[in-house]
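One structure below.
Just so you know, these numbers come straight off a predicted model, no measurement behind them.
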Amino acid sequence: VMNYMAVSLGVKCNFCHLIKDGKWDFAADEKPEKQTARAMVQMTQNLNKANFKDQIEISCNTCHRGRSHPASGITFPLPTPPAPRPAATAAAPGATTAADAKPKDTPPTADQILARYTEALGGTAVIERLKSRSMKGTWVMNDGTSVGYEIYQTAPDKIFSVLVTPKQGNFERGFDGKAAWEKSSRGLRNIEGSELHFFTRYPDLFKDIKLKEQFTRLTFGGKDKINDREVYVLRGTSTGDKRERLYFDIETGLLVRRVTSTETMVGVIPEQVDFEDYRDVDGMKLPFTIRITSIDSYFNSTRSFTEIKLNVPVDATKFTKPTAASGT
């Protein structure tokens, strides 16, 4: 939420918060900008309650758009409005117009789009055979730093990953379906809370393959374009009551983008995942590049794989938390 407010105003944390004796004092209320922020949050909440039945339609970004102060005046030059459409002329009685003659496209249903996606991936039989996966490549972080990246998974949700960094050594992380851990040069620790959420959701073996069961509602949301390619859009509500948009390439049927929206007290915060460079791996199409774009720049990354293998044996002990002795 704080990062969303900062991005909306185009500022950093110190716009509202104080640093005292070299340390952040987030609780301090001395800066007038912090008091203004509180008043603005209350204002948007009141507006949403009075006008939009408590739905989050007005937020910081509605007016600020990346500026610390909203633009209150008109900026020149003025944008050129689109030319008006020519008025329709009346057709002779019984005549057929060009508009009438041209058949209207029937939009696909959500089920049809998902069924085509399943076929584009390789078909139901190939998906059902998927039991494990290993991937190797690089992880490019938000600041441009590139590190080695390996990940091993077995169904339904066991994960082991390794980040190979030149300065801090290896970061090993595992999840055995119940508990997660990290082992590094700093020692051994548990992964919990929001950190666990971020660790387990991206590498989920079926997260971006078996889509239908993840949603309580899915509807056709029209057409759009991504990088000059036409896409079908599905709008859905996930089982966790989050709003999502799924974008499928019309030509290939493959999933090329997934946008998740989290509703908070100050606005709806988006997160975008792009899937690129699909290749065939043992009869299944998989993306070899995954880009994650978030309000929290810490989680922005590009994961590019040079090798993906399916249904390979994975040592079950990889997922188990090491003992304290082996983690030091």
Side-chain angles (χ1 to χ4, degrees), residues 114 116-141 145-166 169-184 191 196-214 246 248-249 252-258 273-292 299-322 326:
L114 292 180
R116 185 163 181 239
Y117 176 52
T118 297
E119 290 306 309
L121 288 175
T124 302
V126 172
I127 293 173
E128 292 304 320
R129 286 200 300 268
L130 181 60
K131 303 300 179 185
S132 66
R133 178 169 63 189
S134 68
M135 301 186 287
K136 296 180 181 180
T138 58
W139 179 326
V140 182
M141 300 180 184
T145 302
S146 178
V147 298
Y149 182 50
E150 295 182 21
I151 186 164
Y152 302 85
Q153 303 161 268
T154 61
D157 54 6
K158 293 183 179 181
I159 306 166
F160 174 75
S161 70
V162 182
L163 282 177
V164 182
T165 66
N170 292 358
F171 284 80
E172 297 182 8
R173 286 184 164 191
F175 178 68
D176 62 4
K178 295 180 180 179
W181 51 271
E182 178 185 86
K183 175 187 172 184
S184 68
I191 299 176
L196 173 62
H197 171 68
F198 279 99
F199 173 53
T200 57
R201 66 176 168 164
Y202 294 133
D204 187 316
L205 190 58
F206 296 106
K207 174 73 173 178
D208 302 305
I209 296 175
K210 295 183 178 181
L211 296 172
K212 188 172 182 178
E213 53 264 44
Q214 300 176 33
L246 306 173
F248 297 85
D249 188 294
T252 66
L254 293 168
L255 178 69
V256 292
R257 177 171 291 174
R258 187 170 187 166
V273 182
D274 288 289
F275 306 93
E276 305 169 6
D277 189 18
Y278 274 89
R279 304 181 201 173
D280 185 276
V281 181
D282 295 332
M284 189 172 185
K285 287 287 181 66
L286 293 172
F288 273 64
T289 299
I290 300 175
R291 303 181 190 276
I292 300 164
F299 296 107
N300 290 349
S301 65
T302 298
R303 307 177 191 199
S304 298
F305 300 104
T306 55
E307 176 188 282
I308 299 179
K309 293 182 179 180
L310 303 182
N311 298 315
V312 293
V314 179
D315 185 354
T317 61
K318 282 184 177 293
F319 313 112
T320 305
K321 181 180 177 180
S326 62

Are the side chains of [Y] and [X] in contact, using a 4.5 Å heavy-atom criterion?
{"X": "P156", "Y": "F206", "answer": "no"}
{"X": "L255", "Y": "F248", "answer": "yes"}
{"X": "K210", "Y": "E128", "answer": "yes"}
{"X": "L310", "Y": "R129", "answer": "no"}
{"X": "Y149", "Y": "V164", "answer": "no"}

Look up atom [atom1] in [X] and atom [atom2] in [Y], then write down how far apart they are to the nearest 0.5 Å.
{"X": "D277", "Y": "T289", "atom1": "CG", "atom2": "OG1", "answer": "5.0 Å"}
{"X": "E172", "Y": "E182", "atom1": "CD", "atom2": "CD", "answer": "10.0 Å"}
{"X": "F288", "Y": "M135", "atom1": "CZ", "atom2": "CE", "answer": "9.5 Å"}
{"X": "L286", "Y": "L130", "atom1": "CG", "atom2": "CG", "answer": "8.0 Å"}
{"X": "E276", "Y": "I290", "atom1": "CD", "atom2": "CD1", "answer": "10.0 Å"}
{"X": "Q214", "Y": "I209", "atom1": "CD", "atom2": "CD1", "answer": "10.0 Å"}

Using side-chain contact (heavy atoms from CB on, under 4.5 Å), reason through R258 and K207 one step at a time and then give a plain yes or no.
CA-CA 11 Å; R258 187 170 187 166; K207 174 73 173 178; 4.0 Å; yes
With sequence neighbours excluded, what pairs up with F160 under the ring pair (Phe, Tyr, Trp, His ring centres under 6.0 Å) test?
none
For [X] against [Y], the heavy-atom pair lying closest together:
{"X": "W181", "Y": "K318", "result": "CZ2-O, 3.4 Å"}
{"X": "V126", "Y": "G283", "result": "CG1-O, 3.9 Å"}
{"X": "K183", "Y": "P322", "result": "CD-CG, 4.3 Å"}
{"X": "F305", "Y": "R279", "result": "O-NH2, 4.4 Å"}
{"X": "K158", "Y": "D176", "result": "CE-O, 3.5 Å"}
{"X": "F319", "Y": "V314", "result": "CZ-CG1, 3.6 Å"}

Side-chain ([X]) to main-chain ([Y]) donor-acceptor, under 3.5 angstrom:
{"X": "S132", "Y": "V312", "answer": "yes"}
{"X": "D315", "Y": "T317", "answer": "yes"}
{"X": "T306", "Y": "K136", "answer": "yes"}

Is there a side-chain contact (heavy atoms from CB on, under 4.5 Å) between L196 and I191? Walk through the geometry before answering.
CA-CA 5 Å; L196 173 62; I191 299 176; 4.1 Å; yes
Checking L254 against F275 for the side-chain contact (heavy atoms from CB on, under 4.5 Å) test, could you report, in this order, the C-alpha distance in whole Å, the side-chain angles of both residues, the deciding distance, and whether it holds?
CA-CA 9 Å; L254 293 168; F275 306 93; over 6 Å; no
Residues which pass salt bridge (Lys or Arg N to Asp or Glu O under 4.0 Å) with R257, listed by chain and number, not counting sequence neighbours:
D274
Run the numbers on N311 and D282 for side-chain contact (heavy atoms from CB on, under 4.5 Å), then give the verdict.
CA-CA 9 Å; N311 298 315; D282 295 332; over 6 Å; no
